[in-house]
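Right, one structure below, let's go through it.
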Amino acid sequence: MAEALKEARKAEKKGEVPVGAVVVHKGAAVARGHNTKETAGDPTAHAELVALKKASRRLGAWRLKGATLYVTLEPCIMCMGAMVQARLSRLVFACYDPKGGACGSLYDISKDKRLNHRIKVTSGVSEAEAGELLKGFFSKLRKKKRKKSVK
C-alpha cells in the first residue's frame, strides 16, 4: 500500500484526486497508476484502470489471475467491473468511498454471485493515511473555490 500511496501523491501534485494503485503479481509490482482524469481529459483514467491496463500489457494477457491490486480508495462501479472482467484475484484498498464505492459502500460487486468471478477483498489497509491525503486535497480545493467566489 505504501507504493499506492506514492502514486496517490503523484496525482495530487498534478491537481488530480489523490488516488493511487499498484498491481502485484507473483510477489512483484508489475504496474502502477494514479488518477489522470483531469490531465488526460478522460473519464476512465482512474488509478485502477491505468494500473490494470499497464499490468495486462506487461504480463501479455487480459486475465490477471493471481494478481492483487492495491488502491488507496474503494473502487467505483466502473473499476470493479474492470477487475471482474480481468479476473483479478484480490483487491486491497485503504479507505471506503461512501459516495461512489462499489466494494461495500454503495454496492458490493466483489461478492455478487450473479457475476462469473468474485474477488477477495481486504479493506482498511493504511486507511488513516489515505483518508488524510484525500481530506487534505478536498479541503484545499474548497478553499480555492471560496477564494475565487469572493473575487
Side-chain angles (χ1 to χ4, degrees), residues 1-12 14-139 141-142:
M1 189 61 73
E3 295 300 310
L5 284 161
K6 284 181 187 176
E7 287 296 318
R9 288 185 196 96
K10 287 180 187 177
E12 182 179 39
K14 294 178 180 179
E16 299 277 356
V17 175
V19 177
V22 176
V23 177
V24 174
H25 186 258
K26 295 185 179 179
V30 295
R32 300 162 192 279
H34 55 271
N35 277 356
T36 58
K37 281 174 55 173
E38 299 296 331
T39 52
D42 180 354
T44 69
H46 290 204
E48 301 94 323
L49 294 185
V50 171
L52 288 173
K53 287 177 184 179
K54 288 179 180 178
S56 290
R57 282 193 297 269
R58 178 135 187 233
L59 297 172
W62 63 266
R63 286 182 186 88
L64 298 177
K65 189 176 180 185
T68 299
L69 177 73
Y70 292 86
V71 64
T72 57
L73 182 65
E74 177 186 9
C76 70
I77 294 169
M78 175 179 65
C79 292
M80 284 304 299
M83 288 178 221
V84 169
Q85 290 297 314
R87 311 301 193 267
L88 189 75
S89 294
R90 186 168 175 235
L91 166 67
V92 179
F93 69 89
C95 50
Y96 281 95
D97 181 359
K99 293 183 178 181
C103 200
S105 288
L106 296 178
Y107 308 95
D108 197 345
I109 307 268
S110 68
K111 293 179 183 169
D112 192 325
K113 291 184 174 152
R114 296 170 295 177
L115 298 172
N116 65 338
H117 179 73
R118 274 160 290 299
I119 300 166
K120 293 178 186 173
V121 176
T122 303
S123 61
V125 176
S126 300
E127 182 176 14
E129 188 174 356
E132 286 303 313
L133 191 59
L134 286 159
K135 286 177 192 170
F137 174 81
F138 286 112
S139 176
L141 194 62
R142 285 189 296 276

Exercise for the section: Begin from the C-alpha positions of Lys54 and Val23 and carry the test side-chain contact (heavy atoms from CB on, under 4.5 Å) through to its verdict. Expected result: CA-CA 9 Å; Lys54 288 179 180 178; Val23 177; over 6 Å; no
Exercise for the section: Run the numbers on Lys14 and His34 for side-chain contact (heavy atoms from CB on, under 4.5 Å), then give the verdict. Expected result: CA-CA 10 Å; Lys14 294 178 180 179; His34 55 271; 2.9 Å; yes
Exercise for the section: Given side-chain contact (heavy atoms from CB on, under 4.5 Å), test Arg90 with Thr122 step by step and report yes or no. Expected result: CA-CA 8 Å; Arg90 186 168 175 235; Thr122 303; 3.2 Å; yes
Problem - Pair Leu91-Val71, side-chain contact (heavy atoms from CB on, under 4.5 Å): steps then yes or no - result: CA-CA 8 Å; Leu91 166 67; Val71 64; 3.8 Å; yes
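No side-chain heavy atom of Tyr70 sits under 4.5 Å from any side-chain heavy atom of Arg32. In this structure the side chain of Leu106 never reaches within 4.5 angstrom of the side chain of Asp97, judged on heavy atoms. Proximity of Trp62 to Arg87: side-chain heavy atoms (C-beta onward) are separated by under 4.5 Å at one or more points. Ile119 has its side chain out of reach of Ser89: every pair of non-hydrogen atoms, C-beta onward, lies at least 4.5 Å apart. Counting heavy atoms from C-beta on, the side chains of Val19 and His46 never come closer than 4.5 Å. Side-chain contact check for Met78 versus Thr44: some heavy-atom pair is nearer than 4.5 Å. No side-chain heavy atom of Ser123 sits less than 4.5 Å from a side-chain heavy atom of Glu74. Contact annotation: the side chain of Lys6 never approaches that of Val22 to less than 4.5 Å [non-hydrogen atoms, C-beta and beyond].
Under the 3.5 Å distance criterion, with hydrogens and angles disregarded, a donor-acceptor pair is assigned to the side chains of Glu16 and Thr39.
Using modelled atom types, no side-chain atom of Glu3 and backbone atom of Ala29 make a donor-acceptor pair closer than 3.5 Å. Judged by distance alone, the side chain of Asn35 and the main-chain N or O of Ala47 form a donor-acceptor pair under 3.5 Å. Thr72 places a side-chain N or O within 3.5 Å of a backbone atom of Gly20 that can act as its donor or acceptor partner.
The shortest heavy-atom contact between Phe93 and Val121 is CE2-CG1, 3.6 Å. The shortest heavy-atom contact between Pro18 and Ala11 is CA-CB, 4.1 Å. Residue Tyr96 comes nearest to Ser105 through the heavy atom pair CD2-OG, 3.4 Å, listed as atom of the first residue, atom of the second, then distance. Of all non-hydrogen atoms in Glu7 and Gly33, the two that sit nearest each other are CB-O, 3.4 Å.
Within a 6.0 Å radius of OH in Tyr107, no more than 12 heavy atoms belonging to other residues, nucleotides or ligands are found. For Arg118, the CZ atom is densely surrounded, since the number of other residues' heavy atoms within 6.0 Å is greater than 12.
With values rounded to the nearest 0.5 angstrom, Glu48 atom CD is found 5.0 Å from Met83 atom CE. Interatomic distance, CG of Leu88 versus OG of Ser110, reported as 11.0 Å (0.5 Å rounding). To the nearest 0.5 Å, atom CD of residue Glu132 and atom SG of residue Cys95 are 10.0 Å apart. To the nearest 0.5 Å, atom NZ of residue Lys65 and atom CG of residue Leu59 are 14.5 Å apart.
Looking at Arg9 and Glu12, no side-chain N of the basic residue comes within less than 4.0 Å of a carboxylate O on the acidic one, giving no salt bridge.
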